[in-house]
Amino acid sequence: MSAAPSAGAAANKATQDKTADAAKDVKPAAALEEDDEFEDFPVENWTKEDTEVPGDNTHLWEESWDDDDTSEDFSAQLKEELKKVEASKKR
Amino acid sequence: MDLIFGDFRKFYEVGDGYGLAQTLSPISPPSQPERLRNFYRSTNFQNVQKDFKYQILYDNSAPFKLPADEGNGWVEVYVAYWKAVGEIQIAEAAANSGHKASWMKVYEAWKELTNMLHRGYMNCNFGSWTIPCLYVVGKYLRVFAIKADEGAASSQAVSATFQDDFNPDSEKNEKLEDAARQLNRIFNLCLSDRASLEESRKWGIYNIINLLFKTYFKLNSISLSKNILKAIRAYRGDMPPLESFPLAHQVTFKYYVGVIYFLEENYVESEKNLTEAWTLCHKDSIRNKELILTYLIPCHLLTTHTLPTLALLSPYPRLQKLFLPLSRCIKKGDLSGFDAALIAGEDEFVKRRIYLTLERGRDVALRNLLRKVFIAGGFEDAKEPGAPQVRKTRVPVAEFGAAISIGSKETMDNDEVECLLANMIYKNLMKGYIARDRGIVVLSKGGAFPGTGV
């Protein structure tokens, strides 16, 4: 088959314009699949625009501690607990 | 028959491997719901070989002529496909009428198709552009193996009541294990291709690896995945770089590699692979993104001690349920709340294999609690006006002990508290030393809790 493009080119080219067909065929296949495992993508390839929020990912993760917590409340709670602990030790 | 071979000629002429692969799908497209039924009825056991041979090799209306060996190879493939389609229709008809479907026969027929295709590449010069056929055939080999094993399990459950020496585990995954062997053959078929890269079956390697990963995970033999990774590492110089494969192959591969590292507790490598999978993932594949985050979130907790924001979790109610209670307790430094949340989610965490990792998040919760004690201690009295404020760095062990016992019924004695503190210092979550004789902890003036701003 001299008309056949190379596999590499086929992988890149064919995937883009196969989207419509492949997407249609995926539905019944999904029924056969486990819901617990990584799913087949409806298309083979896509562009940067089709990925999540390109670039800035900083707002997705935050520090694990919380300084907004009113530290007054905590101090009071801590004092209370200290008293309790000491009282129980004296007994 | 005409439909399928019409497509065959059409896609073969232009060298469209994905199109060609669709002619070997075991499912009729929604636009032609009768396609497979009609295909099966278009011939019979007696004539199938002759009919298909005519279609592929001798039909003069075809725009091209296949070499005899290549053409005969495809004849065998489609004959095997036709037989498999027959078994599928019997199984589906049985299932629809409430009878027991024999997926076992479907599996065997589909395996024969797999063998014919394999032979085509080995002996009949099938072009490497046709490798998407291997994807489709490999994918459903696994699907039918799982169905066959499920069927076997349910029928054995019935007969098991009559025999005592029945061991349910030994043959539970018989067909899936066999499918893993077949997929491994396809893996080697792709890996060992010596043709130049443009013409190589190596372009199929990651798709097949992903099928193998899925199979090994299902079989709970995740360690076998490592052999695959070793094999491709050995061929690294001879392999196109991962970045030049379709994104669907890349993302799936990175996800599984990330999970394999995760299970080995190599959280740094795991985070790297999962983050790449996350960034490259198609934005509409919500379920896959959810799966990536299921492992990426515990990774982040351990590597950088960071938590997912509500913005990150908002599209995934399942992940909110999974991680929000724990996150809240970690942030507040609420140890008893953390323990309760861990117990409440235990089944789900264990199922996802993230329980042990999350359990280690307790250190972060404890760090945050101790940090609060430190901050609540306030500042030293200023020695001279205008000097920068310095936090009190001497904290009684008893104060930490009291903080730890908040919310729990029991109090902890000082030895135990010291043990916890020593651990925190050892893990570099807290800096300082314990002055045992005086019952105080002397914390570092320059960053008592590294990385947290105090």
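Quick note on labels: first sequence line is chain A, next is B, and so on, each numbered from 1.
Comparing B:I330, B:L310, B:V364, B:T252 by heavy-atom pairs within less than 4.5 Å of chain A, the highest count is held by B:T252. By number of non-hydrogen pairs under 4.5 angstrom with chain A, the leading residue of B:V251, B:L301, B:D284 is B:V251. For the options B:C281, B:S285, B:S327, B:G453, heavy-atom pairs under 4.5 Å to chain A are most numerous at B:C281. For chain A, the option among B:G361, B:S405, B:G401 with the highest count of heavy-atom pairs below 4.5 Å is B:S405.
Residue B:K202 does not touch chain A at all, counting heavy-atom pairs closer than 4.5 Å. Using a 4.5 Å cut-off between heavy atoms, B:I297 contacts chain A through both its backbone and its side chain. Of the atoms belonging to B:L20, not a single heavy atom falls under 4.5 Å from chain A. Of the two parts of B:V373, the backbone and the side chain both hold a non-hydrogen atom closer than 4.5 Å to a non-hydrogen atom of chain A. The contact between B:Y256 and chain A is made entirely by side chain atoms (from C-beta outward), counting heavy-atom distances below 4.5 Å.
Ring planes of A:W61 and B:H300: parallel class, angle under 30° (limits at 30 and 60°). Aromatic ring pairs are classed by plane angle as parallel below 30°, tilted from 30° to 60° and perpendicular above 60°; the pair B:F64 and B:Y12 is parallel.
Electrostatic pairing of B:R287 and B:E290 counts as a salt bridge here, judged by a charged N lying under 4.0 Å from a carboxylate O. Using a 4.0 Å cut-off between charged nitrogen and carboxylate oxygen, A:D40 and B:K139 count as a salt-bridge pair.
Other residues, nucleotides and ligands contribute at most 12 non-hydrogen atoms within 6.0 Å of the NZ atom of A:K83.
A donor-acceptor contact closer than 3.5 angstrom is absent between the side chains of B:Y206 and B:Q250.
Applying side chain to side chain contact (heavy atoms under 4.5 Å, CB included) to B:W203 and the options B:C190, B:P246, B:S128, B:P240 leaves one that passes, B:P240.
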